[in-house]
Amino acid sequence: LLNDPSIEHNQTGNPTGVREELTKGDESAAGTGYPIVLGAGGPDDFGYVWIDSDEDGGPTFNWIDITATGTTITGLSDDNTVGPFPIAFNFPFYGEDKTQFWVNSNGTIGFTSTYIGLSNTGIPTNNTTYRDMIAWFWDDCHPASSTVKYQNFSDKLVVMFDNYSMYGYTSYTMDIEVILYKNGKLMLMYNNISSSLPLNSNTIGIQSSDIALGLQVAYNTTYIHNGL
């Protein structure tokens, strides 16, 4: 699929050039990214590729409900980071083993305690602050009345964001799940997305500790939907 020259592939990066820092509530860059034309992408320079459940051969949407069994993550508020929390195995990520993670309120899971600001960029970020992270919905997010939980299994870590929201839209919510597998794969799932949430101003992808290395799925374009 990704090696077929007859198939149009996704463009990555930021088509408008370098992204400037935004102030809260600024939605001027929404919708300025490249459209998603194929449910797969990569490889990046490390070899990572991605494929979604809309594409033939992609993963099956299979939500793992840890509402009753997961450990609740507390202390998350607007524009902050909490952690660290344990990963019960060595999670290989761009050649580095990760054993703990932090949750950032702006839609990322990080492998350092660094706060990731609301001004999402394309990936690779080429930014010494915005690195070593999984961007599941990097934007000016807001935990509001959400519940965030995690649970370690023998072969995976599940982090569940229930009724998560965005700054300025805290009456509207979405559910997201991030799963890190012991074999180095990871999965992002989206469900129960309010139709009133703006979905064209976020970044989805993975960024290594090397600021020039990462895999972009989407940037400032409408992509996610229920059951993806």
Side-chain angles (χ1 to χ4, degrees), residues 14 19 21-36 39 52-54 59 61-68 70-83 101-110 115-123 130 133-151 158-179 186-206 216-228:
N14 180 356
R19 176 75 180 271
E21 291 294 314
L22 299 179
T23 57
K24 293 194 75 65
D26 183 351
E27 300 180 9
S28 60
T32 59
Y34 295 115
I36 301 299
D52 67 27
S53 56
D54 290 338
F61 180 85
N62 183 25
W63 190 269
I64 301 173
D65 189 357
I66 61 170
T67 303
T71 300
T72 301
I73 291 175
T74 60
L76 199 62
S77 61
D78 189 30
D79 297 332
N80 79 333
T81 298
V82 295
F101 69 98
W102 284 256
V103 175
N104 186 286
S105 64
N106 289 320
T108 68
I109 287 177
Y115 166 67
I116 304 298
L118 59 91
S119 297
N120 62 300
T121 72
I123 294 176
Y130 299 157
M133 64 178 182
I134 299 167
W136 52 264
F137 194 90
W138 181 15
D139 203 342
D140 191 4
C141 293
H142 198 302
S145 58
S146 67
T147 300
V148 183
K149 295 193 173 189
Y150 75 93
Q151 184 171 347
V158 177
V159 186
M160 186 177 73
F161 299 82
D162 185 54
N163 290 324
Y164 214 76
S165 194
M166 298 175 64
Y167 178 82
Y169 297 87
T170 52
S171 296
Y172 310 105
T173 62
M174 56 186 164
D175 297 340
I176 301 97
E177 198 158 80
V178 181
I179 305 176
L186 60 93
M187 184 176 293
L188 310 177
M189 288 188 284
Y190 305 87
N191 208 20
N192 300 320
I193 304 168
S194 170
S195 59
S196 297
L197 282 176
L199 302 179
N200 63 347
S201 59
N202 63 85
T203 299
I204 298 171
I206 55 176
Q216 178 175 302
V217 175
Y219 168 73
N220 281 4
T221 189
T222 301
Y223 169 59
I224 68 167
H225 61 75
N226 289 328
L228 182 70

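Worth saying up front: this structure is predicted, and the values here are computed from it rather than measured.
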Looking at side-chain heavy atoms only, is the closest gap between [X] and [Y] below 4.5 Å?
| X | Y | value |
| --- | --- | --- |
| Met133 | Asn104 | no |
| Leu199 | His225 | no |
| Asp26 | Leu118 | no |
| Asp140 | Asn106 | yes |

Point-to-point distance, once rounded to the nearest 0.5 Å, from [atom1] of [X] to [atom2] of [Y]:
| X | Y | atom1 | atom2 | result |
| --- | --- | --- | --- | --- |
| Thr173 | His142 | OG1 | NE2 | 13.5 Å |
| Asn192 | Met174 | CG | CE | 12.0 Å |
| Leu197 | Ser165 | CG | OG | 5.5 Å |
| Thr71 | Tyr150 | OG1 | OH | 4.5 Å |
| Asn220 | Trp138 | CG | CH2 | 10.5 Å |
| Met160 | Ser146 | CE | OG | 10.5 Å |

Criterion side chain to side chain contact (heavy atoms under 4.5 Å, CB included) on Trp63 and Asp175, from CA distance to verdict: CA-CA 10 Å; Trp63 190 269; Asp175 297 340; 3.8 Å; yes
Side chain to side chain contact (heavy atoms under 4.5 Å, CB included) evaluation trace for Gln151 with Ile64: CA-CA 10 Å; Gln151 184 171 347; Ile64 301 173; over 6 Å; no
How close do [X] and [Y] get, heavy atom to heavy atom, and via which atoms?
| X | Y | answer |
| --- | --- | --- |
| Asp54 | Asp52 | N-OD1, 3.0 Å |
| Ser105 | Ser77 | CB-O, 3.0 Å |
| Asn191 | Gly227 | OD1-N, 3.5 Å |
| Thr203 | Tyr219 | OG1-CD1, 3.2 Å |
| Ser53 | Pro59 | CB-O, 3.1 Å |
| Ile123 | Gln216 | N-OE1, 2.8 Å |

Trace of the side chain to side chain contact (heavy atoms under 4.5 Å, CB included) decision for Asn202 with Tyr223: CA-CA 9 Å; Asn202 63 85; Tyr223 169 59; over 6 Å; no
Tyr190, Phe137, Trp136 screened by ring-ring contact (aromatic ring centres under 6.0 Å, His included) with Tyr164, the one that passes: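 With Tyr164 as partner, ring-ring contact (aromatic ring centres under 6.0 Å, His included) holds for just one option, Trp136.
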Mutual orientation of the aromatic rings belonging to Tyr172 and Tyr169 [parallel < 30°, tilted 30-60°, perpendicular > 60°]: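 Tyr172 vs Tyr169 ring planes: tilted.
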Verdict with supporting geometry, Lys149 and Asp162, salt bridge (Lys or Arg N to Asp or Glu O under 4.0 Å): CA-CA 8 Å; Lys149 295 193 173 189; Asp162 185 54; over 6 Å; no
Option among Asn14, Ile204, Asp139, Thr108 that satisfies the side chain to side chain contact (heavy atoms under 4.5 Å, CB included) test with Asn120: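 That would be Asp139; it is the only one of Asn14, Ile204, Asp139, Thr108 passing the side chain to side chain contact (heavy atoms under 4.5 Å, CB included) with Asn120.
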Side-chain donor/acceptor of Thr221 to backbone N/O of Ala218, under 3.5 Å: no
